[in-house]
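Single-structure report; data block below.
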Amino acid sequence: MRVVSHCSYVDSVRRQEAACSWVGPRSAYAPRLADVSLVSTCRRINRCLCQAEADHGEGVSVVSEEDSSSLEEAEEGIATEHRGEGECCASRSIEVQEHVDGTLCELEQSKGAISPLAQASAPAMHGLDGYLLTLVAVVSGILGRLSAQELRYDSSRLFRNQEKSRLMNVELRRKRQEWKEQEEVRLAAEQKRRVEEVSEKARKEADRQKKLQEKYEKEAREEQERKRREVEASRKEYEEQQRKLDEEYQARLQKEKEALEEARRVERERREEEERLRLLELQRKEEEARQKKLAEIKAREEAAAARVRAREEAEKEMSTFAVRVQGSVTVAVPPAGTLLPGPLEQQAKARLTVEAGSLMGGPVDPFEKDYASMEDMAADAPSQISTVMKHCADSVLSALQLQKMGGDGPLTLMESPEANHWMSVISMRSTLMALECLDSSTADLQGTGSLTQSFECRTESGVLPEDHPFSYQKLYDTFLDKIVEDSGNQDTIALFMESMEDSNEKLYKGICAEPKCLSRGPKNLGVCLEVAHFIDRSLYTRPSKESDAPAWFEMCAEFTRKRLNESFAGSPPDSLMAHSSLIAQILGPTHPVSREIMAIADENISIERKNELIQKEKAQKALLAAKLLEEEWPEEEELRRARAKERESKTPVTERIWALKNVAASLSIGNSGEVSRARKLLEQAVLLKQEMCGGMTHPATFPEVLSLLRVIRTRSDWKNDASGVASLFLKIAMNICEGYLEIGDSVSACLVLECCLREGEDVAGLRNNVTLRCVKLLEKISSSLSDDDNRVLVASRARFEDLEIFLSDAFTDELGAYQDGTEMAKCQLWDSKGPKMLGSLPEKLSI
C-alpha cells in the first residue's frame, strides 16, 4: 500500500539525517519527537487498516510483517538519527508531515479501493469503512501525541536509539548519496527537457514574428507607394493650377503697370503745369513785393526827409540850454615809499587825480587814488571818473532845481525824465572827454613826475513846447502806443532806431577820439542812454501803480531788450566791461538798462578772461593770507602787536575775518600746537564777526562758528569748550529756523534744524538745554508738515553737506565788495530781508 511506501520514505529520510546530534536543549530535538509522533501515527494507521481488513474480509494484504517491523524500526530510530539542529530538523519534519497528509488524503479518497474483495463481498459496509478510517485517524493522532510526550521524557530510550542509529550511518549515507545522484540525474534531464521545450517555443515564435514582420513590411511598402502616387498626382495638379494663376497674375500685373505708368504721366504733367503756374505766381508776387518794398523805402526816405525838415523847422522853435563842465585829469608817479592802503602794503606806482566842476554847480571834491600799476589804473579809471562826473552833473541838477523853485531855468520847461536824461548825457560826455585826456596823459608820461590834461565839455539840450509833435512827450507817447499795439512793426522799429541813432550822434559830437577802454566795443553809449530815457519816460507817463502797468511795461521792456541786444551784437569778446561799468555808474546799478547791459557784458567775457580774474583774486588772497600769517607769528612780541593793531585798524573787518579763517584752515591739519593756534585764530574771527553783526547768535556768524566747532571738537581735552560752542551753533540755527517760520517756509526750517543737530547734537550733549529746545522745536514743526512737504524734506536730507556749504557761502562776505558802499554786508542783508536773502532751501539744494 501507499502507506508503506511513505513510511519507507520517512525511514530513508530519517536515516539520511543520522549525522544530527541529540545533544542540546530540549527545544532543539523537539522537532525530532514530532517526527517520531508522525511515524507512530503512520504505524497505528497501518495497524487499524490491517484490523479493518481482518474484520471485513481476508485476502487483502495491507502491509507485510517485514514492512511493519521496518516501520517500527523507523519509529524507534528516527529520534536518534538526527544530530543537526533547528532548521534541518524542521524542514524534514515538514516534509514528512506533507507525505503523511498526502497519504491520509489518498486513503480517504480511495477508501473504496482498500479492499476490492471486501467491497464485493460486503458492499453494505462501505459507510462503516469511512467511519472506521476517521476514527483510526483521530485515535492515531491522539495516540501519537501521547506517545511523543512519553518519548520526550524517556531519556534512556533516546540514548539507546542514538547508539543504534550510529550503526546505521554508513548505510544511510550510501543511500543518501545514491538518492542525490539520482535526483541530480533527474533534475538534469528535467532541465534539459525544459530547455529544449523553451528553445523550440522560441524558435517557433521567432519564425512567427518574422513572417508577421515580413507581412507588415510588405503592406507598409504598398501603402507608401500608394501615398506617393497620390502625392505626385496632387503635386502635378497644384503645379498646373499655379501655372495658370501665374499667367493670369502676370497679365493683370502688366495691365496695372501700364495703367500706373499712364496715371504717373498724367500726374507728372499736371504737377509740371502747377509748378509752372506757381513759379509764374511767385515771380509776380516777388515783383509786387519788390515794388512794394521800393515804395516803402521811398516812402520811408521821404518820411525821414520830412522828419528831418520838420526837425529842422522844430529846432527853430526849440529852446536850447547848455551846461559846460570843466576839469582836468592828472596822471603821476607817487613818491617813493608810498604804500597802497590795506594790509598788503604794496608799493604805489601810479596815481590818478580827477577834478571837475561847472559854472552852474561849482566844483566837486577831487578824486585821487594810488594804484599798483598803470594797468590797474586804466582798468579802474572808467568807473571812478564816471562817478566824479556823475557827482558834477548832480550838482548842476541841484542848482537847476533851485532855479525852478524860483520860477526860472530850463527845468521849468522840462519834465523829470528829460532833465535826468540831460544830466546822464552831461556825465557820459564829460567822462568820455576825461578818459581821452587820461589816455593822452598815460601815453605822454615818462619815468617819474606827473602830467595833467584839461578838458571842457559843453552839452546842449533843446526843449520844444509840450504840444509839439516832435517833443519828447509826444514822440515817446507815440512810440509806446505803437509798441503796445504791435511791437514787431517795422515802421515802429525804424522810427525808434532813427531816434536812437540821432541821440547817439549828439552824444559823440565834439569828441575827437574814443577812449582805449571803449575802442574794441560798439560806439553806442548814446543809444543806451536814449533807451533808458524812453523807459523812464514810459514809467513817468504810465506809473507802475496803474492796473495795466505790468502788461505794457513787459512789452516795452522786451522791445528795448531786443534793441539793446541788436546794438551790441557782434561785439568782440571782453570788449563790453567798460561799457557796463560806465552805464552802471551813470544810470545806477538797479536801472533796467544797466542790468541788461551787465548781463550782456557777462556773457561777452571769455573763459580765458574769467580764469585770469579768478587767478588774480586767488593771488591777492594768498598775499593777504601770507601777510597776516607773518604778522601773527610770535616774533618781537611788542612790535608785532603794535604793527598788527595799526594794520587791523586799516584793514576792513571782512578781510581780517577771511584771513583768520584761511590761516586757521591751514593750521588745523597740523600737529597739536598748530591746532591750538588755529583755535585761537578762529575764536578771534568769531569775536570780530559778532562785533560786526551786533549779536552773539546772529545768523551771519554761522560760517565762523561752524569752522570753530569743527576744530575744537577734534580734541578730547576741549570737550567742555566744544559743548559751549555747539550750544552757540544750535542757537544760531534756531534763529535761522525762526526766520523761516516767520515767512511760512516750514520745510527750510526743518532742514536747517536737522542739519545743525546732526553737526552739533552729540558735541553739545543730548541732555543739553539748547539741544532739547531744538529737538522740541523740530518735532513741533515736523508734525505740522503736509505729505508733500514731508516728501520734499526726505528728498533733501541726503544733501546736508551741500546745505552747510550753501549756508556758509551765503553768510560769507565778499572781499572788497562793500568798501564803496554799493552793497550791504551779509549781516545787514539779513536784518533787512531775513531768510528771503537765502531763498527756499529745497530749491537751492536741487539746483
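Given the structure is predicted, the values throughout are model-derived calculations rather than measurements. Heads up: numbering here begins at 1 and tracks the sequence.
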May I ask you to decide if [Y]'s main-chain N or O and [X]'s side chain share a donor-acceptor pair within less than 3.5 Å?
X    : Y    : answer
S594 : T590 : no
D536 : P417 : no
S832 : Q828 : yes
K689 : A700 : yes
T442 : L438 : yes
D439 : P515 : no

Give a yes or no on whether [X] atom [atom1] has more than 12 heavy-atom contacts from other residues, nucleotides or ligands under 6.0 Å away.
X    : atom1 : answer
L359 : CG    : no
E456 : CD    : yes
N611 : CG    : yes

Quick one: side-chain hydrogen bond (donor to acceptor under 3.5 Å, both in side chains) partners of [X], sequence neighbours excluded?
X    : answer
K616 : D376
D831 : H698
S441 : none
E436 : none

[Y] and [X], any side-chain heavy atoms less than 4.5 Å apart:
X    : Y    : value
K369 : L352 : no
H533 : L529 : no
F321 : M414 : yes
I535 : V593 : yes
L582 : L518 : yes
V331 : M374 : yes
I600 : N565 : yes
S328 : F455 : no

Residue pair [X] / [Y]: nearest heavy atoms and the distance that separates them:
X    : Y    : value
L803 : L751 : CD2-O, 3.7 Å
A356 : V388 : CB-CG1, 4.2 Å
N604 : S575 : OD1-N, 3.0 Å
A434 : I385 : CB-CG2, 3.5 Å

Report the residue from S386, S383, S427 that forms a side-chain hydrogen bond (donor to acceptor under 3.5 Å, both in side chains) with Q585.
-> S383
Could you verify whether a donor N or O on one side chain and an acceptor N or O on the other, from S606 and D574, lie under 3.5 Å apart?
-> yes
If you draw the axis of the six-membered ring of Y508, does the NZ or CZ of K523 fall within 45° of it and under 6.0 Å from the ring centre?
-> yes
Kindly state each residue pair satisfying salt bridge (charged side-chain N to carboxylate O under 4.0 Å, His left out) with at least one member in residues 587-607, sequence neighbours excluded.
-> R561-E596
Restricting to pairs with a member in residues 575-586, which pass salt bridge (charged side-chain N to carboxylate O under 4.0 Å, His left out), not counting sequence neighbours?
-> none
Whether F702 and F811 hold their rings parallel, tilted or perpendicular, with breakpoints at 30° and 60° | tilted
